[in-house]
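Inspection log for the structure reproduced underneath, given as structure tokens.
Predicted model only: the values in this text are computed from it and were never measured. Chain A is the first sequence line, chain B the second, and so forth, proteins listed ahead of strands; every chain is numbered from 1.
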Amino acid sequence: MPKKTAAKPISLATWNINSVRARLPLMKAFLDAHDPDILCLQETKVRDDQFPHELFEQHGYTTRLIRGQPGYNGVAIFSRLPLQLAGKLNLAGRDDCRHIAATLPDGTVLHNYYVPAGGDVPDVTKNDKFAHKLDVLAEMTKWSAALKKKAGREILVGDLNIAPLETDVWSHKKLLDVVSHTPIETEGLLKMMAARGWVDAVRHFVPPAETLFSWWSYRSPDWEAADKGRRLDHVWVSPQLQDSLKSARVAKAMRGLEKASDHAPVIITLDSAG
DNA sequence: ATGGTTGGGATCCAA
């Protein structure tokens with residue numbers, strides 16, 4: 001009997017790039033350093049016919065799935081494994097470019113989301129953007145419950161614009177009234193996780209007692225010293241994939257380079273998802 | 001209590 005050799009784990013990154021056209025040198029630095037097999041982007045802020053895809057092709061990505069609009073939003077998936085487009089959901093009745101999905105070679109479906117930030121005021125009667133965010137959250141919860149019945153293999157990544165745990169923000173108490181960490185959002189996100197049994201792939205490796213951030217505001221002159229961050233970017237896997245998880249990390253160094261995005265990439269590795 | 005920064009595409013909006 002030939003010995004089974006362990007396949008090399010697949011690496012998967014998610015990154016809110018905050019305009020892909022404004023970040024090409026940053027993107028090149030990231031690809032040179034980390035070279036993920038699959039790369040999911042949010043806030044590309046570019047129409048599909050203007051997407052600067054040459055850099056990604058030069059780095060060996062043969063799959064390019066993009067969904068953009070002028071100025072705002074926009075999601076994309078690049079891969080060196082062959083992926084098939086699996087859908088583009090319109091969230092909360094809008095055709096905003098906030099979701100795109102792909103099927104991996106082994107049938108796992110990868111969902112890339114950009115959840116609305118929700119504006120500044122956490123009150124649905126005063127802020128339509130917050131109401132919209134909660135609508136999207138409720139819809140994703142229903143969608144997650146429907147997925148549970150199918151019991152397939154799925155990965156959900158993206159900028160969910162919610163930091164669910166107390167250790168996902170620099171000050172739990174100070175941020176209880178701040179959009180991204182209000183109880184209605186954090187409890188809503190945990191309900192969404194429970195609806196599918198989503199496993200937080202990053203907290204699988206980084207204990208919930210440890211603080212961990214993926215976003216630091218531009219409005220802080222010394223973001224690193226102040227370290228007033230939040231963990232807004234997530235990678236979740238369906239329960240069947242939990243035992244395949246190999247590692248997870250935030251590539252914080254990318255936040256410190258010239259012309260950085262305000263988000264850092266989140267990278268996981270897992271066995272045999274492709 | 002307030003303002004701080006960034007990108008896109010118009011002279012302001014979204015984050």
Side-chain angles (χ1 to χ4, degrees), chain A residues 14-30 40-53 55 66-76 90-99 112-124 126-137 157-164 168-171 173-182 185-186 189 213-234 250 252 254-266:
Chain A
T14 180
W15 196 5
N16 178 318
I17 194 64
N18 186 12
S19 170
V20 68
R21 286 177 294 179
R23 311 282 174 224
L24 289 180
L26 182 73
M27 182 61 74
K28 185 171 188 322
F30 173 67
C40 298
L41 301 176
Q42 304 87 35
E43 274 207 277
T44 51
K45 292 186 174 179
V46 63
R47 290 166 22 183
D48 291 352
D49 63 329
Q50 295 178 348
F51 199 104
H53 51 82
L55 171 65
I66 58 179
R67 183 186 181 192
Q69 66 188 84
Y72 312 104
N73 305 331
V75 287
N90 289 338
L91 307 176
R94 303 189 192 185
D95 61 358
D96 287 349
C97 296
R98 295 182 176 276
H99 169 271
N112 179 14
Y113 276 100
Y114 175 46
V115 170
D120 291 329
V121 181
D123 181 338
V124 296
K126 294 174 183 158
N127 175 8
D128 289 343
K129 287 188 278 193
F130 194 66
H132 177 224
K133 182 180 196 174
L134 296 188
D135 286 348
V136 168
L137 199 58
V157 309
D159 176 5
L160 304 185
N161 266 315
I162 297 173
D168 290 337
V169 293
W170 65 276
S171 168
K173 282 187 181 170
K174 287 197 172 84
L175 289 176
L176 277 169
D177 290 326
V178 175
V179 173
S180 74
H181 194 62
T182 64
E185 292 170 272
T186 58
L189 198 71
F213 311 141
S214 66
W215 173 89
W216 293 263
S217 172
Y218 284 130
R219 298 177 192 177
S220 181
D222 197 345
W223 69 275
E224 194 164 22
D227 201 24
K228 293 185 174 179
R230 306 177 202 169
R231 191 171 70 105
L232 304 178
D233 303 276
H234 299 274
V250 175
K252 185 177 175 182
M254 292 299 132
R255 180 63 181 81
L257 300 184
E258 279 296 308
K259 288 263 285 175
S261 168
D262 45 356
H263 295 253
V266 178

- [ ] Could you name each residue pair satisfying salt bridge (Lys or Arg N to Asp or Glu O under 4.0 Å) that touches residues 19-29 of chain A, not counting sequence neighbours?
- [x] K28(A)-D32(A)
Task: Pairwise C1' distance for dG9(B) and dA15(B), with rounding to whole Å - done: 15 Å
TODO: Taking ring pair (Phe, Tyr, Trp, His ring centres under 6.0 Å) as the test, write out the residues that go with H181(A), two or more places apart.
DONE: H172(A)
Open item on the list: Suppose we screen for side-chain contact (heavy atoms from CB on, under 4.5 Å). Which residues come up paired with D49(A), at least two apart in sequence or across chains?
Closed with: R47(A)
Task: Set of side-chain contact (heavy atoms from CB on, under 4.5 Å) partners for D95(A), sequence neighbours left out - done: N90(A)
TODO: Determine the Euclidean distance between corresponding C1' atoms of dT11(B) and dG7(B); express it in Å to zero decimal places.
DONE: 15 Å
TODO: Mark up nucleotides 8-15 of chain B, 5' to 3', with B wherever a protein heavy atom is under 4.0 angstrom from a base atom, S wherever such an atom reaches only the sugar-phosphate, and - elsewhere.
DONE: SS----SB
TODO: Tell me, please, which residues at least two apart from W223(A) pass side-chain contact (heavy atoms from CB on, under 4.5 Å).
DONE: W216(A), K252(A), R255(A)
Open item on the list: Rounding to an integer number of angstrom, what distance separates dT6(B) and dA10(B) when you compare their P atoms?
Closed with: 22 Å
